[in-house]
Structures are given as structure tokens and as C-alpha cells.
Amino acid sequence: HRGKKRDKEKVKEKEKTKEKERDRDKEKERNWERDKERERERDKERNRDKDKEKDREREKERHKDRDRVRDKDKDRDRDKDADKDRDRDKDREKDKDNEKEKDREEVDQNKEKDGVTKEGEKDRNKIRDKEGEKDKGEKEKGRDKEKEKDEKEKKEREREKERDDKKKKEKRSRTPPRSYSSSRRSRSSSR
């Protein structure tokens with residue numbers, strides 16, 4: 001009877017130790033799972049940090065690119081403004097030269113007109129002297145003819161002048177006009 005009891009106790013004891021081992025194994029497994037989960041979390045955190053760092057780097061690059069583009073645009077605008085100023089100065093110089101040329105032409109025209117009117121007056125005086133004996137009706141006819149002659153001559157001179165002006169303009173368009181300041185400079189250096 002005692003042997004049976006002892007056997008039962010031994011069996012119970014064995015079962016208890018097996019139960020404890022099972023519990024220990026379960027605990028180990030739980031711990032192992034927990035550790036793995038923690039490691040996973042740490043990895044995620046690390047990856048998140050890396051991603052943030054990459055994003056920061058990308059943002060920096062974007063800013064640099066934007067700054068570079070802005071600087072290029074500023075430079076381009078500055079160059080455009082300089083070109084505009086240069087063009088404006090050239091246009092001013094051309095306008096001055098054109099103005100001078102017009103003044104010269106006007107003076108030449110006035111001289112020609114003065115010469116023509118003096119010649120016309122001389123011719124009229126000669127005709128008057130010749131026709132002094134003829135009656136007034138014939139004189140008037142002669143004057144009318146003279147006027148027509150003068151007008152024809154005037155028209156002819158104007159046509160010639162226009163042709164000459166065209167030739168001058170063509171010549172001018174072939175050779176660029178010297179700017180006022182450069183011609184002054186060359187004169188001062190030759191002295």
C-alpha cells in the first residue's frame with residue numbers, strides 16, 4: 001500500500017516538474033517573441049530616422065537647386081537690363097547722328113534755294129528788260145511761261161535732290177555711322 005502511495009507521489013512529482021518545464025518553455029518563448037517584437041520596433045524606428053534624414057537631404061538639395069535657378073535668373077535679368085541699356089545708348093547715338101545729318105541737309109537745301117531764287121530773279125530781270133517795249137499782255141504771258149519754266153526747274157531739282165538723298169541713305173546703311181563720342185576721341189588723340 002505504501003509503495004503505491006509512493007509511486008503516485010513520484011508520478012505527481014514528475015508531472016509537476018514537467019509542468020514547470022512547460023511553463024519555463026512558454027515563458028522563454030514569450031520572452032523571445034517580446035525581444036523579437038522590440039527588435040522589429042527598433043528597426044522601424046531606425047528606418048524612420050533614416051527616411052527623415054534622407055528627406056532632409058533631399059529638401060536641402062531642392063533648396064540649393066532653387067537658389068541656383070534664382071541666381072541664374074537674376075544674372076539673366078541683369079544681362080538683359082545691361083543689353084537694353086546698351087541698345088538704348090546706341091539708339092540715342094543714332095538719333096543724334098540722324099539729327100545732325102538732317103540739320104546738314106537742311107542747311108544745304110537752304111543754300112540751294114537761295115542760289116535758285118537769285119538765278120531766277122536775274123533771269124526775270126533780263127526778260128523784263130527785253131520785254132520792256134512790248135505791251136503788258138505779252139509781258140504777262142512771258143511771266144506765266146517763265147513761272148512754268150521755274151516750276152519745272154524746281155521740280156527737276158527736287159527730283160534730283162530726292163535721288164541724291166536716297167543714294168546717301170543707302171550709303172549710310174552700308175557703313176555704320178561713327179558715334180559722336182568715338183569721333184571726338186579720335187580727334188583728341190590725333191592732336
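A salt bridge links Asp65 with Arg68; the closest basic N to acidic carboxylate O contact falls under 4.0 Å. Ion pairing of Asp67 with Lys64 is absent here, as no side-chain N (NZ or NE/NH1/NH2) approaches a carboxylate O to less than 4.0 Å. At a threshold of 4.0 Å, the pair Arg163-Glu160 does not count as salt-bridged, since none of the basic side-chain nitrogens sits closer than that to a carboxylate oxygen. A salt bridge links Glu19 to Arg22: at least one charged side-chain nitrogen sits closer than 4.0 Å to a carboxylate oxygen. Contact check on Glu61 versus Arg58 returns no salt bridge, with no Lys/Arg side-chain nitrogen under 4.0 Å from an Asp/Glu carboxylate oxygen. The pair Arg42-Glu39 meets the salt-bridge criterion, since a charged nitrogen lies less than 4.0 angstrom from a carboxylate oxygen. A salt bridge between Glu153 and Arg157 is present, with a side-chain N of the basic residue lying under 4.0 Å from a carboxylate O of the acidic one. Between Glu101 and Arg104, at least one side-chain N (NZ, or NE/NH1/NH2) sits under 4.0 Å from a carboxylate O, which counts as a salt bridge. A salt bridge links Glu27 and Arg30; the closest N-O separation between the charged side-chain nitrogens and carboxylate oxygens is under 4.0 Å. Using a cut-off of 4.0 Å between Lys/Arg side-chain N and Asp/Glu carboxylate O, Arg76 and Asp73 are scored as salt-bridged.
Residues forming a side-chain hydrogen bond (donor to acceptor under 3.5 Å, both in side chains) with Asp25 (at least two apart in sequence, or on another chain): none. In this structure, Glu148 has no side-chain hydrogen bond (donor to acceptor under 3.5 Å, both in side chains) partners at least two apart in sequence or on a different chain.
Side chains of Asp43 and Arg40 form no contact here, defined as non-hydrogen atoms less than 4.5 Å apart. Glu57 has its side chain within reach of Lys60: a pair of non-hydrogen atoms, C-beta onward, lies under 4.5 Å apart.
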Handout entry: Arg48 and Glu45: CA distance, side-chain angles, deciding distance, salt bridge (charged side-chain N to carboxylate O under 4.0 Å, His left out) verdict
Key = CA-CA 5 Å; Arg48 250 182 255 128; Glu45 193 64 35; 2.7 Å; yes
Exercise for the section: Please test Lys96 against Glu99 for side-chain contact (heavy atoms from CB on, under 4.5 Å), starting from the C-alpha separation and ending with a verdict. Expected result: CA-CA 5 Å; Lys96 279 183 189 176; Glu99 210 48 52; 5.5 Å; no
Problem - CA sep, side-chain torsions, deciding dist, call: Lys149, Lys145, side-chain contact (heavy atoms from CB on, under 4.5 Å) - result: CA-CA 6 Å; Lys149 219 184 200 181; Lys145 284 181 182 177; over 6 Å; no
Practice task
Kindly indicate, with the supporting measurements, whether the criterion salt bridge (charged side-chain N to carboxylate O under 4.0 Å, His left out) is fulfilled by Asp165 and Lys169.
Solution key: CA-CA 6 Å; Asp165 288 352; Lys169 281 183 183 174; over 6 Å; no
Practice task
Tell me, with the steps shown, if Glu53 and Lys50 meet salt bridge (charged side-chain N to carboxylate O under 4.0 Å, His left out).
Solution key: CA-CA 5 Å; Glu53 189 60 35; Lys50 280 180 185 176; over 6 Å; no
Practice task
Check the pair Asp35 / Arg38 against salt bridge (charged side-chain N to carboxylate O under 4.0 Å, His left out), numbers first and verdict last.
Solution key: CA-CA 5 Å; Asp35 288 346; Arg38 277 185 195 148; 3.8 Å; yes
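Atom NZ in Lys54 sits 8.5 Å away from atom CG in Asn47 (nearest 0.5 Å). Rounding to the nearest 0.5 Å places NZ of Lys80 at 12.5 Å from CG of Asp75. Atom CG of residue Asp87 and atom CZ of residue Arg92 lie 11.5 Å apart, to the nearest 0.5 angstrom. Atom CD of Glu9 is separated from atom NZ of Lys14 by 13.5 Å, given to the nearest 0.5 angstrom. With rounding to the nearest 0.5 Å, the separation of CD in Glu106 from NZ in Lys102 is 9.5 Å. To the nearest 0.5 Å, atoms CG (Asn98) and NZ (Lys100) are separated by 11.0 Å.
Atom CD of Glu156 has more than 12 neighbouring heavy atoms from other residues, nucleotides or ligands inside a 6.0 Å radius.
Across all non-hydrogen atoms, the minimal contact from Asp85 to Arg88 is OD1-NH1, 3.0 Å.
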